[in-house]
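First the structure, in the form of structure tokens, and then the observations on it.
Predicted, not measured: the structure shown is a model, and the values here were computed from it. In listed order, ligands and their atoms are each counted from 1.
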Amino acid sequence: MSGRLRAPKGTHDLLPTDSERFAAVEACARRVFSSHGYGEIRTPTFESTELFARSVGETTDIVHKEMYTFPDRKGRSLTLRPENTAGVVRALVEAGIQETPRPIRLWYAGSQFRYEQPQAGRYREFRQIGVELLGVAGPAGDAEVLAMLFEFLGELGFQDLIATLNCIPRGEARAAFSRALQEHVRPRAGSLGAEDRRRLEENPLRLYDSKDPEAQRILEGAPSTLDFLDEGARAHHVRLQELLRAAGVRFVESAAIVRGLDYYTLTVFEVASERLGAQNAILGGGRYDGLVESLGGPPTPAVGFAIGEDRLVAAMEADAREARPVIFVIPGSAAELDYALAVSASIRALVPGAIIETDLTARGFPKGLSRAAAVLERPERYGFRASAVRAVLLGADERQGEKVTVKNLATGEQRSFARSALAEELGMARDR
Ligand code: HAM
């Protein structure tokens, strides 16, 4: 058999350039989240199917029709994770969450799988970067994750994003809201498809997940979640808004954000980007105060979010990317290769975050410089902006005199100095 094999529908490869962009975004997430005390968690890519049925919810689109579920060789039903919150909670309960000091602050990055109709921004294997904060009941927990989220987005160059915020009633108030929603929709149910009529009877909140314009039109006049909040929920929602204003997080309130997963209680939020077209939700999250208990742990309030990393990277403008100094170290001939490697190592230690490429072919300055020019013509190759681009030229004179010649590739200006002065001279790394 011959013929070319293709990646499965709805998956995409990350070749260099793309892979570097993703790695840079993940490195930024690690830096920001760890500075707030969040530790990384990695859970299995597949879990028992029951986990998602009990958390995300039997009647959600995700569990109902989007999961990659298969029996293993012993007939156990397994599912490729469609999201990571359930796995994180399962892992914590299994590790003994009651003995873990609270709050518990975690973040993760990894692939998720949903059998959806692929289109721009919607994949069957996609990547999420997420955060979960467990053990904080009050709105300060919601405010912490949102403020940290916006700090992260700001670091990536997103300045104008706004969170859309809602509060979903819990307990008896949620049941009352569901009934009111059913009463509003039932007289008009004749114009809905079979799928939405199922939602109406089984789990009316899920009507908000419908993509049918008719369902959306009917919901426009529907009762608002915000009119059904109990006193505690309302106070939580009001206080959260005060905290968000104090933290400088921009948001608008919208009763239409209900989120397609059943575990949410009270706060829910999404952030969308106009740059993305139809699949414009970059991230979603909210509070899930009942989930730990429903998965066998002690009552534990919790809140978190997950960012669609593929969408985030797609929304990043080229010039919103991090700028990094790029330095080409070019030996004049093979005789200077050892010296070039030693100088590269010193520069690497002196200029953290710089990209240093050593010309290992050692075919001389003209060839080395033209290779540098070729690289600079395609800066996107690196996944970030090149700044302070320099060539370090090392000929026989430099080697013998323990000197370096540094050429600024933007201005053509060239200077020679002692190798020992590299540290001061490479203050250039800051002159972006
Ligand atoms: P979610 O809204 O289902 O929430 O997914 C979060 C984000 O993942 C979405 O906003 C979107 O950017 C991205 N995403 C979802 N499906 C796809 C897809 N097929 N292709 C590309 N990107 C996609 C959750 O998953 C919750 N676990 C979030 C959370 C964490 N809530 C509390 N903690």
Side-chain angles (χ1 to χ4, degrees), residues 8-12 14 22 25 33 38 41 43 47 51-52 55-57 60-63 65-68 80-90 92 104-134 136 141-142 144-146 148-149 153 158 161 163-164 166 168 206 208-209 211 257-273 275-292 300-316:
K9 187 173 173 185
T11 67
H12 61 137
L14 298 182
F22 278 70
V25 164
F33 300 158
Y38 286 71
I41 180 166
T43 63
E47 297 271 0
L51 172 66
F52 303 110
S55 56
V56 174
T60 58
D61 279 4
I62 295 178
V63 172
K65 56 184 188 192
E66 294 172 359
M67 296 208 304
Y68 279 91
L80 296 185
R81 61 184 183 196
E83 61 99 55
N84 215 354
T85 307
V88 166
V89 171
R90 197 261 320 129
L92 289 174
I104 303 171
R105 294 184 164 96
L106 297 168
W107 75 278
Y108 52 80
S111 285
Q112 318 295 329
F113 306 86
R114 296 184 193 177
Y115 194 86
E116 293 193 82
Q117 224 25 62
Q119 59 179 81
R122 197 201 280 158
Y123 303 101
R124 290 183 173 173
E125 180 184 17
F126 58 98
R127 294 150 191 89
Q128 283 186 342
I129 298 179
V131 156
E132 313 293 355
L133 167 63
L134 297 102
V136 181
D142 317 35
E144 170 169 297
V145 299
L146 274 157
M148 184 172 81
L149 165 66
L153 294 171
F158 291 98
L161 293 177
T164 310
N166 192 13
I168 305 207
R206 295 281 67 88
Y208 282 91
D209 307 335
K211 285 159 192 117
I257 299 285
V258 170
R259 313 259 312 118
L261 302 89
D262 277 349
Y263 51 60
Y264 290 115
T265 51
L266 304 185
T267 306
V268 287
F269 54 89
E270 289 183 357
V271 174
S273 164
R275 285 187 222 143
L276 289 179
Q279 301 303 315
N280 62 0
I282 299 188
L283 65 96
R287 187 162 268 288
Y288 49 96
D289 290 342
L291 183 59
V292 178
T300 308
V303 57
F305 62 79
I307 304 168
E309 193 180 358
D310 309 80
R311 294 185 191 173
L312 181 76
V313 170
M316 278 167 69

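Between Tyr123 and His12, the ring-plane angle classifies as parallel under the 30° and 60° cut-offs.
A side-chain donor-acceptor contact under 3.5 Å links Arg122 to the backbone of Gln117. A donor-acceptor contact shorter than 3.5 Å is absent between the side chain of Thr43 and the backbone of Gly87.
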Using the side-chain contact (heavy atoms from CB on, under 4.5 Å) rule, take Val303 and Thr267 through it: C-alpha gap first, then chi angles, then the decisive distance, then the call. CA-CA 8 Å; Val303 57; Thr267 306; 5.5 Å; no

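Scanning both residues, Ile257 and Asn166, for their nearest heavy atoms gives O-ND2, 2.8 Å.
Using a 4.0 Å heavy-atom criterion, the residues that approach ligand 1 are Glu83, Thr85, Tyr108, Arg114, Glu116, Gly121, Arg122, Tyr123, Phe126, Gln128, Glu132, Arg259, Leu261, Tyr263, Tyr264, Ala281, Ile282, Leu283, Gly284, Gly285, Gly286, Tyr288, Gly304, Phe305, Ala306, Gly308, Arg311.
In this structure, a donor-acceptor pair under 3.5 Å is present between the side chains of Ser111 and Glu125.
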